[in-house]
Protein chains: 2
Amino acid sequence: MAQAGARPWARSDAKHQAIVRAAREVFLSNGYLGTNMDLIASRSGVSKQTVYTHFGSKEALFLEIVGSMTGDAGDRVHHERPELGDGDDLGAYLRAFAERQLRIVTEPELLQLRRLVIGEVGRFPELAKVLYERGPQRAIDEITAMFQRLRERGLLSCDDPAAAAEWFNWLVMAAPLNRAMMLGDAAVPDEGDLREHVAEAVRIFLAAFGPAPRS
Amino acid sequence: MAQAGARPWARSDAKHQAIVRAAREVFLSNGYLGTNMDLIASRSGVSKQTVYTHFGSKEALFLEIVGSMTGDAGDRVHHERPELGDGDDLGAYLRAFAERQLRIVTEPELLQLRRLVIGEVGRFPELAKVLYERGPQRAIDEITAMFQRLRERGLLSCDDPAAAAEWFNWLVMAAPLNRAMMLGDAAVPDEGDLREHVAEAVRIFLAAFGPAPRS
DNA sequence: GCCACACTAGACTGTCCAGTATGATGTCGT
DNA sequence: ACGACATCATACTGGACAGTCTAGTGTGGC
């Protein structure tokens, strides 16, 4: 988006990062309209003019920040995953996967990003689409690939792995995520609750899609 | 919250309603900070002063609007529900219930209310708590009561009807709701997709909690 | 030594907006 | 007819804030 050709900013990279960090904090806690560029400047220990030299406008800075955060978050979830070994337990494998995803998605910073983007759907619809694609959709795609392999090995009985992946994803995520969206970060389950929740989600999923013939 | 004692506003009730209607529209489409009191005044065909006579401040008006909308929405979902007859099909009964809930929750106005409140969690945390209680929590409580009766009749096998109710609720709601939150109202399933979605949600639920003994 | 450039502090412009003030008009009950 | 009150149009106050401007400082390369 920004003028990518001319950036002989070798020296200024530290300032650039400082602005990004400060903008992240301020936008996340105050929202787009509630954010004040003077505050970002002072929080990053930089003059206001420098902020405007690096990012042309409040809107450009906002888009940059949110865009990069959604990318980073997606990358952190996406990750080398072991294949299910021949003797391994399917339930345990799914639980480990789901616990990892859920732990990342319920990090306070990501929850707040989600709230921010949802609140700005009216003003920045593209942003929310990108967050959906790099968040839930990407997770579902990955689960789909995993389910395809499991199905070939006869460990899952589903006609449509993509649909099964979506059910799995929301079985795991929906309750904690929706509670946290509205009740605040304090409503995020602790490690024990998280494991219980995931275990039950996997049980339900396997009751409907497990290797036994479907009813 | 408002000074409830003195309101000899018989004459002014129409204006009061006009303000409420206009404020609803404007807050829903522009957000709290993006909303301008002059616009509300002109949209309701009322002078700005009158707005301030009826509602003391922007914040008070906002709280009133959002509070009343969450109440109304809850009431519309809560509703006389037939008991399951002795010869009736459990799946069909659950599907009818779920379709009704999902149709209401995915109305554009309610989706937008949800986005608004989520975006303002930082500024108005109480509002979001109230919306959660009168929305998802109230639905879950109702489903819990229903499941208790079903369990007594041997039609459901679950140790904890409240937990089962939460799973049921999110099986039905999660995918459409989360897609709609970020992808916009156009992503809401049409009537055909909605029925398919609900049918599959109920199938999954009954595979895990149906009358057959649990695995 | 000098140019180019990243940066700084702070003043300034223009605009938007919540909330108030003013002074007049209509309408009800008595 | 009169007083109480809801309402009106409009102007105003005070503060916030995006974005620009100015004038100057430090620092690297040549």
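Predicted model, so just to flag it, every value in this text is computed and none were measured. Here is how names work: the chains are called A, B, and so on, in the same order as the sequence lines, proteins then strands, and each is numbered from 1. We use all heavy atoms of the structure for the numbers below, so side chains are in, but hydrogens, waters and symmetry mates are not.
- Classification of the A:F27-A:F62 ring pair by plane angle, with boundaries at 30° and 60°, yields perpendicular.
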Distance-only donor-acceptor pairs under 3.5 Å for side chains of residues 161-169 of chain A, two or more places apart:
none

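- Without hydrogens or angle criteria, A:R115 side chain to B:E120 main chain gives no donor-acceptor distance under 3.5 Å.
- Which of C:dT8, D:dA18, C:dC17 sits closest to the side chain of A:Y52 comes down to D:dA18.
- Summary for the helix from C:dG1-D:dC30 to C:dT27-D:dA4: the axes at its two ends, each from 5 pairs, differ by 10° when rounded to the nearest 10 degrees.
- Side-chain nitrogen and oxygen atoms of A:N36 include at least one within less than 4.0 Å of the OP1 or OP2 phosphate oxygen of D:dA18.
- In this structure, CE of B:M37 is placed 21 Å from P of D:dG14, rounded to the nearest angstrom.
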- Message: Before you tell me yes or no, could you show the steps for A:Y132 and A:V117 under side-chain contact (heavy atoms from CB on, under 4.5 Å), namely the whole-Å CA-CA distance, both residues' side-chain angles and the distance that decides it to 0.1 Å?
- Response: CA-CA 10 Å; A:Y132 188 84; A:V117 168; over 6 Å; no
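- For the pair A:F55 CZ and C:dC7 P, the computed distance is 11 Å after rounding to whole Å.
- Take the nearest nucleotide of DNA chain D for A:Q49 and for A:G34: the residue whose nucleotide is more 5' is A:G34.
- For the pair A:K58 and A:Y32, the cation-pi criterion (under 6.0 Å, within 45° of the ring axis) is fulfilled.
- Regarding contacts with the backbone of C:dA6, every side-chain N or O of A:H16 stays at 4.0 angstrom or more from both OP1 and OP2.
- The side chain of A:T50 contributes an N or O atom lying less than 4.0 Å from OP1 or OP2 of C:dT8.
- Applying the 4.0 Å criterion to OP1 and OP2 of D:dT10, one finds that B:S47 has every side-chain N and O outside that range.
- In this structure, of D:dA18, C:dT8, C:dT20, it is C:dT20 that holds the atom nearest to the side chain of B:K48.
- Residue B:L33 contributes atom CG, which lies 13 Å from atom C1' of C:dC16 at whole-angstrom precision.
- Comparing D:dG19, C:dC7, D:dT7 by their closest approach to the side chain of A:K58 singles out D:dG19.
- Salt bridge annotation for A:D75-A:R138: present, with a cationic side-chain nitrogen under 4.0 angstrom from a carboxylate oxygen.
- Judged by the 6.0 Å distance and 45° axis criteria, B:K129 is not positioned over the aromatic ring of B:F124.
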